[in-house]
Asks: 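Structure incoming, see below.
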There are 2 protein chains.
Amino acid sequence: MSLPDSTQYLPHIAYDSVIFGFSGEKLKILLMEYHNTGWFALPGGFVKVSEPLDEAVSRGLKERTGLDQIYLEQFHTFGSLERVKPDVMRKILEAQHSEVPEKHWLFERFISVGYYALIDYTKVEPQPDALSDSIDWYDVDAVPELLFDHNFIVQKALEHLRTHLDQKLLSVNLLPERFTMKELQQVYEAILDEKQNRANFQRKMLSLGILERHEKLYSGGSHKAPFLYSFNSKN
Amino acid sequence: MSLPDSTQYLPHIAYDSVIFGFSGEKLKILLMEYHNTGWFALPGGFVKVSEPLDEAVSRGLKERTGLDQIYLEQFHTFGSLERVKPDVMRKILEAQHSEVPEKHWLFERFISVGYYALIDYTKVEPQPDALSDSIDWYDVDAVPELLFDHNFIVQKALEHLRTHLDQKLLSVNLLPERFTMKELQQVYEAILDEKQNRANFQRKMLSLGILERHEKLYSGGSHKAPFLYSFNSKN
DNA sequence: AATTAATGTTTCACTATGAAACAATAGTAA
DNA sequence: TTACTATTGTTTCATAGTGAAACATTAATT
């Protein structure tokens, strides 16, 4: 495999994406592990010379998750000098390329635009990219040490997600088409990292007028069966 | 005057700043007018090769306003293709340089990071930069047509400011050290673009526990004198 | 001393919210 | 059939917050 071509991409500009999913219990993010290094990092990429920034991120996300039409939000752009670590980048390339030149555009300074994505965990088959061994889900409360400033980026993404959870009804994107009230509450609790009162949560959600109630879900348990809901597409 | 040097700055990366001030009645922003073109744009600039992004913006702001230690917030990064207009950039340069080369780094595609600043209107003597004739205050509800996507950038900055007004107590930065409750209310009304109820506004502000009450301000009017307040520095 | 205009405060109805109790129900077991 | 259990759906009640209006205070003027 050859090194990425410097003429195809804008130099100095990258993006990193924090891809959130909900396992049914915990909030998780996708992390990559680089070949032969044991190093973890966020999935990211570069912007083609004639490609909108947003589209570059969508493209990368599609490659990594197979999903199209994902909920994507830009939250911050990272441009400190501490994040510049050409040696690390060199080691990553050397771990799988026999011939790495002295100078290369990937060793220069990058300013990175942070995006987060919310996806239906059940629909994804994570795909590693050329540089990485594996890509997998990790609990947000057990993220390993990441390269560059990526732990900081994850933290910022979480903050942004929390503060905008309500106004944007973000939970839509983390659940399957139909879900129970309990599942919805669990998403909220996972994101906000705090318990919600069951009765009040239900009242609040129903009062928003964005939920449509469907048939009951008979799970086989010896207790009342919950209704299934979907988000009202009119909103 | 010579053209800016391509080796000194990161190519393809710019910033634009929406600088808000409060006149005592209206919310205003600083706009530049380019030499010999009649064109208006946001003040912006480029990032030096070894300079943190945030610092580049602070530096530009200091040059434009003379102020240090300004409240600055990054709100969005703009990377569409529509914003790429090399012809416009060429005309701006040609309007004051006799010799403009066919190729120049300023004519290439730029991704721009948007910041907004909140400053004390009374403390500023706006300073034009090399490319601009003048820099002046304009009411946010009467912004002229701007170059590139700058009208869109202003709109996004306003949205961000509005949604974060309360949580970050942003009004601090738009007022002088001591101010009346009425002035504080006027800042809120100017930013939110809607009237606030006087009694409730006062109650809410006082209940936050962030205001310190000082002596009264005797303006000479034949009516009760208002107290002066300052923001409690403990917060 | 009366008047005026702006500011400071209180009241009251109404809504929102947190905690708890109550009601309904799908399955299990007697 | 009938109790029993676990979970979900709903109601109640006390409390806090909010919007609109009225009331109270006061600096200057007449």
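Note that this is a predicted model, so its numbers are computed, not measured.
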Asks: So, does B:Q202 get its side chain near the phosphate of C:dT9, meaning an N or O under 4.0 Å from OP1 or OP2?
Replies: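 Looking at the OP1 and OP2 atoms of C:dT9, one of them is under 4.0 Å from a side-chain N or O of B:Q202.
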Asks: Rounded to the nearest Å, what distance is computed from the NZ atom of residue A:K216 to the P atom of nucleotide C:dA24?
Replies: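 Going from A:K216 (NZ) to C:dA24 (P), I get 12 Å.
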Asks: Look at the side chain of A:R198 and decide which nucleotide, out of C:dT9, D:dT10, C:dA6, has an atom nearest to it.
Replies: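 That would be D:dT10.
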Asks: What is the separation between atom NZ on B:K195 and atom C1' on D:dG19, rounded to the nearest whole Å?
Replies: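 Spelled out: NZ on B:K195 to C1' on D:dG19 is 17 Å.
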Asks: Without decimals, in angstroms, what is the distance between B:E194 CD and D:dG19 P?
Replies: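 Going from B:E194 (CD) to D:dG19 (P), I get 10 Å.
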Asks: Please check if the number of heavy atoms outside A:K123 that lie under 6.0 Å from its NZ is greater than 12.
Replies: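 No, not enclosed.
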Asks: Taking the side chain of A:Y218 as its heavy atoms from C-beta onward, which of C:dA26, C:dA6, C:dG8 lies nearest to it?
Replies: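 Per side-chain heavy atoms of A:Y218, the pick is C:dA26.
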Asks: Rounded to whole angstrom units, what separation is found between the CZ atom of A:F227 and the C1' atom of C:dA26?
Replies: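 Distance, rounded to whole Å: 13 Å.
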Asks: Choosing from D:dA20, C:dG18, D:dA27, which nucleotide comes nearest the side chain of B:A225?
Replies: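 Ranking D:dA20, C:dG18, D:dA27 by closest atom to the B:A225 side chain puts D:dA27 first.
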Asks: Would you say the ring centers of A:F46 and A:Y15 fall short of 6.0 Å from each other?
Replies: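 No, the ring centres sit 6.0 Å or more apart.
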Asks: So which one's nearest nucleotide on DNA chain C is more toward 5', B:K224 or B:R203?
Replies: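 On the 5' side of the pair lies B:K224.
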Asks: May I have the distance from B:L217 (atom CG) to D:dT26 (atom C1'), rounded to whole angstrom?
Replies: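 So the CG-C1' distance, B:L217 to D:dT26, works out to 14 Å.
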Asks: Roughly how far, to the nearest 0.5 Å, is the OG1 atom of A:T77 from the CD atom of A:Q74?
Replies: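 Interatomic distance, A:Q74 CD to A:T77 OG1, rounded to 0.5 Å: 5.0 Å.
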Asks: Under 4.0 Å between a Lys/Arg side-chain N and an Asp/Glu carboxylate O for A:K48 and A:E55?
Replies: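 Result for this pair is no, no salt bridge flagged.
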Asks: Between B:K204 and B:A199, just flag the one whose closest nucleotide in DNA chain D comes earlier from the 5' side.
Replies: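 Nearest nucleotide further toward 5': that of B:K204.
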Asks: Can we say A:K85 and A:D149 salt-bridge, meaning some charged N sits less than 4.0 Å from an Asp/Glu carboxylate O?
Replies: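 Answer for the salt bridge query: no.
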Asks: Between C1' on D:dG17 and CG on B:N200, what's the gap in Å once rounded to a whole number?
Replies: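 After rounding, the gap between these two atoms is 10 Å.
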Asks: Report the distance from atom NE2 of A:H223 to atom C1' of C:dA24, rounded to the nearest whole Å.
Replies: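 It is 14 Å, rounded to the nearest whole Å.
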Asks: Can you tell me whether the side chain of B:N197 and the base of D:dG19 have a donor-acceptor pair closer than 3.5 Å?
Replies: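 Side chain to base: no pair below 3.5 Å.
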Asks: Grab the CG-P distance between A:L184 and D:dG9 for me, whole Å please.
Replies: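 Spelled out: CG on A:L184 to P on D:dG9 is 12 Å.
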